[in-house]
Amino acid sequence: MDQALLDEAVGELRSIVALDGGDVELVSAGAGTVSLRLILEGAECRECVMPREFLEQIALDMVSTRLADVSAVTIDDPRDG
């Protein structure tokens with residue numbers, strides 16, 4: 001997996017999430033799956049950040065256009081539990 005292309009896609013997602021005061025970090029990548037963690041410590045309104053399902057689809061679109069072998073993106077969202 002091309003780390004530079006993956007970093008580019010994650011950076012693009014980070015800029016979207018940052019608009020609501022959140023952030024994302026790469027947890028792992030391999031076997032066609034990218035795992036991310038949503039960070040909400042800096043968000044004034046945790047619920048203002050897009051729901052996990054939307055973020056996962058947006059992230060998948062950003063990653064898969066750069067890395068065709070990626071078929072899934074999962075995001076660990078602290079609001080889920």
Side-chain angles (χ1 to χ4, degrees):
M1 188 171 298
D2 187 320
Q3 189 65 43
L5 292 175
L6 180 58
D7 290 344
E8 181 181 300
V10 172
E12 188 176 352
L13 182 64
R14 290 182 73 201
S15 67
I16 291 171
V17 175
L19 295 173
D20 292 320
D23 199 359
V24 292
E25 67 180 2
L26 179 64
V27 175
S28 65
T33 301
V34 172
S35 297
L36 305 170
R37 179 176 300 117
L38 181 62
I39 302 167
L40 297 175
E41 281 80 22
E44 290 185 31
C45 173
R46 292 168 55 101
E47 297 309 314
C48 296
V49 177
M50 282 186 258
R52 178 184 50 80
E53 297 84 8
F54 292 131
L55 286 173
E56 285 176 340
Q57 186 58 55
I58 291 168
L60 177 59
D61 291 345
M62 290 175 174
V63 173
S64 65
T65 58
R66 292 169 173 87
L67 300 164
D69 59 325
V70 174
S71 58
V73 172
T74 61
I75 296 178
D76 178 18
D77 187 334
R79 299 172 294 185
D80 289 345

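Below, each value reflects all heavy atoms present in this structure, side chains not excepted, and no hydrogens, waters or symmetry copies. In this text, all values refer to a predicted model and were calculated from it rather than measured experimentally.
Nearest heavy atom pair, residue A29 against residue L6, reads CB-CD2, 3.6 Å. Scanning all heavy atoms of the two residues, the minimum distance from R79 to V49 falls at NH1-O, 2.8 Å. The two residues E56 and I75 have their closest heavy-atom pair at OE2-N, 2.9 Å.
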**Study point:** Chi angles and distances behind the side chain to side chain contact (heavy atoms under 4.5 Å, CB included) call for D76, V27
**Key:** CA-CA 9 Å; D76 178 18; V27 175; 5.9 Å; no
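Separation of atoms CD (E8) and CG (L13) is listed at 13.0 Å; rounding is to 0.5 Å. Taking CD of E47 as the start and CG of D20 as the end, the distance is 11.0 Å to the nearest 0.5 Å. Rounded to the nearest 0.5 Å, atoms CD (E12) and CD1 (I58) are 10.0 Å apart. Between the CD1 atom in I16 and the CG atom in L55 there is a gap of 8.5 Å [rounded to 0.5 Å].
Counting heavy atoms from C-beta on, the side chains of V10 and M62 never come closer than 4.5 Å. A 4.5 Å side-chain heavy-atom check between Q57 and V73 finds every atom pair outside the cut-off.
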Which donor-acceptor pairs under 3.5 Å do the side chains of residues 32-46 make with protein atoms, sequence neighbours left out?
unit_1: S35; atom_1: OG; unit_2: T74; atom_2: OG1; d: 3.2
unit_1: R37; atom_1: NH1; unit_2: E25; atom_2: OE2; d: 2.4

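The local environment of CZ in R66 is crowded, with over 12 non-hydrogen atoms from other residues, nucleotides or ligands closer than 6.0 Å.
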